[in-house]
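In what follows, residues are counted from 1 in the order of the sequence shown. Whatever order the structure lists them in is the order used to number ligands and atoms, beginning at 1.
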Amino acid sequence: SRIAFIASRLPGEPCPGVVLVLHDVTELRRLEQIRSEFVSNVGHELKTPLAAIQACTETLLDGAIEDPKHAHHFLAQITEHGDRLHKLIIDLMELAKIESEEDAFHLENIDIGIPIQEAIDEHYPVAHGKQISLITNPTIDELLVKADHDGIRTIINNLIDNALNYTPTGGEIKIGWKASEGNVVIEISDSGIGIEPRHLERIFERFYRVDTARARAAGGTGLGLAIVKHLCNYFSGSISVRSELNQGSTFTLRFPQVEEPNRLSTH
Ligand code: ADP
């Protein structure tokens with residue numbers, strides 16, 4: 001140790017060579033803290049629906065099962081909480097896949113309009129049920145990006161899910177995409193409740209929600225935007241958001257546009 005070295009050195013003797021190794025543990029500690037917070041959040045998120053399911057089954061066993069009306073109510077609750085657990089586990093697995101597997105996705109040149117349109121089509125029934133109009137581009141030319149079809153579909157699905165969840169009945173959601181300055185730019189904007197500026201930076205964190213009760217009631221897991229952000233990075237893209245409280249939010253995605261070699265040569 002440093003103390004022993006000083007004590008053994010006699011006055012006038014040359015100083016022996018010393019190698020000092022300093023490890024900066026701040027970053028390691030920070031990562032360890034994020035990891036343990038995540039595990040504790042996961043535990044909490046899994047415990048909540050599970051406890052609700054147990055409460056329902058106990059009530060049924062205590063006699064509620066004898067009354068068909070009560071029995072139906074508690075069974076419906078069990079199904080709802082079970083669905084939540086299922087969604088949470090799917091989202092956690094998706095996040096783990098993107099974070100840990102280097103080849104989690106098959107990257108190839110795809111026409112981004114195809115998975116976007118599929119994601120939009122999937123949401124028409126829910127939008128119709130909430131009397132929300134889904135407005136999209138007229139059909140446009142093929143726009144190529146290096147990505148994975150299902151990955152892009154997951155990104156757009158999550159953003160439209162959120163737009164639908166946080167937009168009141170009668171609202172409007174616009175989805176547009178175009179080429180701009182070497183990128184493919186996708187915009188998803190809604191006329192919903194909006195997000196206060198102080199929350200904007202944090203909504204991409206795992207389990208961060210502006211209003212936990214409301215988000216849970218809407219069926220959210222708090223992982224949607226974390227997944228979206230990771231996927232964007234995976235495909236060398238970026239995501240940004242602007243929003244105004246009670247006016248609506250706009251999420252903008254950018255992916256490098258791929259020009260096919262034979263097209264380049266025709267310019
Ligand atoms: P959740 O599953 O709770 O929706 P997300 O990660 O998808 O989780 O979003 C995080 C939080 O960001 C949400 O709980 C909500 O508070 C806010 N948010 C996301 N999208 C929107 C939106 N389009 N309009 C208003 N708030 C939004």
Side-chain angles (χ1 to χ4, degrees), residues 34 37-38 41-42 44-49 52 80-99 116 119-120 122-123 126-127 129-136 151-177 186-234 237-253:
I34 290 177
E37 262 170 32
F38 178 62
N41 281 337
V42 170
H44 181 75
E45 295 294 329
L46 291 173
K47 221 171 78 182
T48 311
E80 197 178 300
H81 294 299
D83 284 348
R84 244 190 84 64
L85 269 181
H86 185 243
K87 192 159 187 290
L88 199 58
I89 290 165
I90 299 274
D91 278 0
L92 281 169
M93 286 170 64
E94 180 81 21
L95 202 56
K97 176 174 144 185
I98 313 164
E99 282 189 344
I116 297 178
I120 296 170
E122 195 178 304
H123 286 87
V126 178
K130 273 190 89 177
Q131 291 164 27
I132 291 176
S133 2
L134 277 187
I135 303 162
T136 76
I152 295 289
R153 191 161 162 176
T154 302
I155 293 174
I156 308 297
N157 264 339
N158 275 311
L159 292 173
I160 304 180
D161 271 348
N162 281 348
L164 283 167
N165 279 341
Y166 303 107
T167 300
T169 305
E172 199 177 83
I173 297 171
K174 286 190 192 143
I175 301 139
W177 61 102
I186 308 160
E187 269 198 357
I188 298 175
S189 59
D190 63 60
S191 63
I193 61 171
I195 306 162
E196 275 182 82
R198 68 193 167 102
H199 295 293
L200 274 185
E201 277 202 0
R202 301 203 58 193
I203 55 171
F204 295 98
E205 291 173 21
R206 297 181 276 199
F207 294 124
Y208 189 84
R209 297 156 170 138
V210 173
D211 177 343
T212 311
R214 180 178 194 145
R216 282 221 184 105
T221 61
L223 293 173
L225 288 180
I227 291 175
V228 166
K229 180 146 196 188
H230 269 82
L231 280 171
C232 284
N233 290 344
Y234 201 102
S238 66
I239 180 162
S240 60
V241 54
R242 35 180 221 281
S243 185
E244 211 171 312
L245 205 57
N246 301 322
Q247 301 293 315
S249 313
T250 299
F251 287 82
T252 306
L253 303 157

Region of Thr167 engaging ligand 1 - heavy atom pairs below 4.0 Å: neither
Atoms in ligand 1 flagged as close to Thr221, the criterion being non-hydrogen separation under 4.0 Å: 2 (O)
CD (Glu196) with more than 12 external heavy atoms under 6.0 Å: yes
Nitrogen or oxygen of Tyr166 less than 3.5 angstrom from that of ligand 1: yes
Those atoms of ligand 1 less than 4.0 Å from some heavy atom in Gly222: 1 (P), 2 (O), 3 (O), 6 (O), 8 (O)
Short side-chain to backbone donor-acceptor contact, Ser189 and Ser249, under 3.5 Å: no
Subset of ligand 1 atoms that lie under 4.0 Å from at least one heavy atom of Gly224: 5 (P), 6 (O), 7 (O)
Atom indices of ligand 1, in the order listed, that fall short of 4.0 Å to a heavy atom of Arg209: 3 (O), 14 (O)
Derivation and outcome, side chain to side chain contact (heavy atoms under 4.5 Å, CB included), residues Leu159 and Leu225: CA-CA 8 Å; Leu159 292 173; Leu225 288 180; 3.7 Å; yes
Side chain to side chain contact (heavy atoms under 4.5 Å, CB included) partners of Val241, counting only residues at least two apart: Leu200, Ile203, Phe204, Phe251
Minimum heavy-atom distance Arg209-Gly220, with the two atoms named: NH2-O, 3.6 Å
Evaluation steps, side chain to side chain contact (heavy atoms under 4.5 Å, CB included), between His123 and Asn157: CA-CA 8 Å; His123 286 87; Asn157 264 339; 3.0 Å; yes
Nearest-contact summary for atom 23 (N) of ligand 1 - protein heavy atom, Å: Asp190 OD2, 2.9 Å
Any N or O of Ala226 closer than 3.5 Å to N or O of ligand 1: no
Numbered atoms of ligand 1 (with element) below 4.0 Å of Ile203, judged on heavy atoms: 10 (C), 12 (O)
Proximity winner for atom 26 (N) of ligand 1, if only heavy atoms of Leu245, Ile195, Ile227, Val228 are counted: Ile195
Test side chain to side chain contact (heavy atoms under 4.5 Å, CB included) applied to Val42 and Arg206, step by step: CA-CA 10 Å; Val42 170; Arg206 297 181 276 199; over 6 Å; no
Whether His230 side chain and Ala226 backbone form a donor-acceptor pair below 3.5 Å: yes
Closest candidate by heavy atom, reference atom 7 (O) of ligand 1, pool Val241, Asn162, Ile173: Asn162
Evaluation steps, side chain to side chain contact (heavy atoms under 4.5 Å, CB included), between Leu164 and Asp190: CA-CA 8 Å; Leu164 283 167; Asp190 63 60; over 6 Å; no
Interfacing atoms of ligand 1 (cut-off 4.0 Å, heavy-atom, Tyr208): 10 (C), 11 (C)
Any N or O of Leu225 closer than 3.5 Å to N or O of ligand 1: yes
